[in-house]
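What you see below is based on every heavy atom in this structure, not just the backbone, and it leaves out hydrogens, waters and symmetry mates. In this text the structure is predicted, and so the values were computed from the model without any measurement.
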Amino acid sequence: MDYKILYFTNPQERDSEGKYFPYPVYEKTIGLDDFVKEIGHATSLTPTDVRAVLAELVEVFQRYLVRGNKLKISGIGTFKVSFKGTGKETAEEVNASSINRESIRITFVSDSSLKKLIRSDISFKKVTEKNGEKNDSKNDKDSAATEN
């Protein structure tokens, strides 16, 4: 996986010196068509069959999450809905309107086997320019000190 060097300051300590950090550079976003092609080549399913199964997976996935279920896909991980709410003085005061709808998120916890695979199989390569983005000269001159 490619990474670049970026300079960040701590937003809570604006007057302090920043530090250089490795930052991931993603190749591209893989879409449904890519999945359909890959699964179609690896199985006896037609692209139409694969597309139908994946479309139904999305609908079932959404239905279960809205109902408040956690979804565990072995080898990938667990998905669940999370949210934040407004605190009240007593338990009786807490109700559905205490939930901040803007805070609703879908959270993901990766399966331990996926984590182990990624951690053991991934390799990193520093890049100075990727997809039209360039590091500034300050990053370029100091990046050699952080390369592994």
[X] atom [atom1]: more than 12 heavy-atom contacts under 6.0 Å:
| X | atom1 | result |
| --- | --- | --- |
| E89 | CD | no |
| F83 | CZ | no |
| F21 | CZ | yes |

Do [X] and [Y] have side-chain heavy atoms sitting under 4.5 Å apart?
| X | Y | value |
| --- | --- | --- |
| N95 | K88 | no |
| K80 | I106 | no |
| P24 | M1 | yes |
| F35 | L54 | yes |

Give the minimum heavy-atom separation between [X] and [Y], together with the two atoms involved.
| X | Y | answer |
| --- | --- | --- |
| E27 | D2 | OE2-OD2, 3.3 Å |
| S103 | K84 | OG-N, 2.8 Å |
| G75 | S113 | CA-OG, 3.9 Å |
| V50 | L45 | CG2-CB, 3.7 Å |
| T78 | K70 | CG2-CB, 4.1 Å |
| F61 | I73 | CE1-CD1, 4.0 Å |

Could you see if [X] belongs to whatever hydrophobic cluster contains [Y]? Use Ile, Leu, Val, Met, Phe, Trp, Tyr and a side-chain cutoff under 4.5 Å.
| X | Y | result |
| --- | --- | --- |
| I76 | L117 | no |
| L114 | I122 | yes |
| L57 | I30 | yes |

Tell me whether [X] contacts the main-chain N or O of [Y] through its side chain, where contact means a donor paired with an acceptor under 3.5 Å.
| X | Y | answer |
| --- | --- | --- |
| E56 | V53 | no |
| Y7 | G18 | yes |
| S98 | V94 | no |
| N69 | L71 | no |
| D121 | I118 | no |

Rounded at 0.5 Å granularity, tell me how far [atom1] in [X] sits from [atom2] in [Y].
| X | Y | atom1 | atom2 | value |
| --- | --- | --- | --- | --- |
| I104 | I99 | CD1 | CD1 | 7.0 Å |
| T90 | E93 | OG1 | CD | 3.5 Å |
| R119 | S110 | CZ | OG | 7.5 Å |

(request) Look at the aromatic rings of F79 and F108 and report parallel, tilted or perpendicular, splitting at 30° and 60°. (result)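 F79 vs F108 ring planes: tilted.
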(request) Would you mind checking if R51 and D33 are paired as a salt bridge, meaning a charged N to carboxylate O distance below 4.0 Å? (result)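 Judged by the 4.0 Å cut-off on N to carboxylate O distance, D33 and R51 do form a salt bridge.
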(message) Test side chain to side chain contact (heavy atoms under 4.5 Å, CB included) on Q62 and L65; report intermediate values, then the result.
(response) CA-CA 5 Å; Q62 292 170 345; L65 284 176; 5.9 Å; no
(message) For a side chain to side chain contact (heavy atoms under 4.5 Å, CB included) check, start with the C-alpha distance between T9 and K19, then their side-chain angles and the critical distance, and finish with the verdict.
(response) CA-CA 6 Å; T9 57; K19 293 183 181 180; over 6 Å; no
(request) Might you work through the side chain to side chain contact (heavy atoms under 4.5 Å, CB included) test for T86 and N100, ending with a clear yes or no? (result) CA-CA 7 Å; T86 305; N100 177 352; 5.6 Å; no
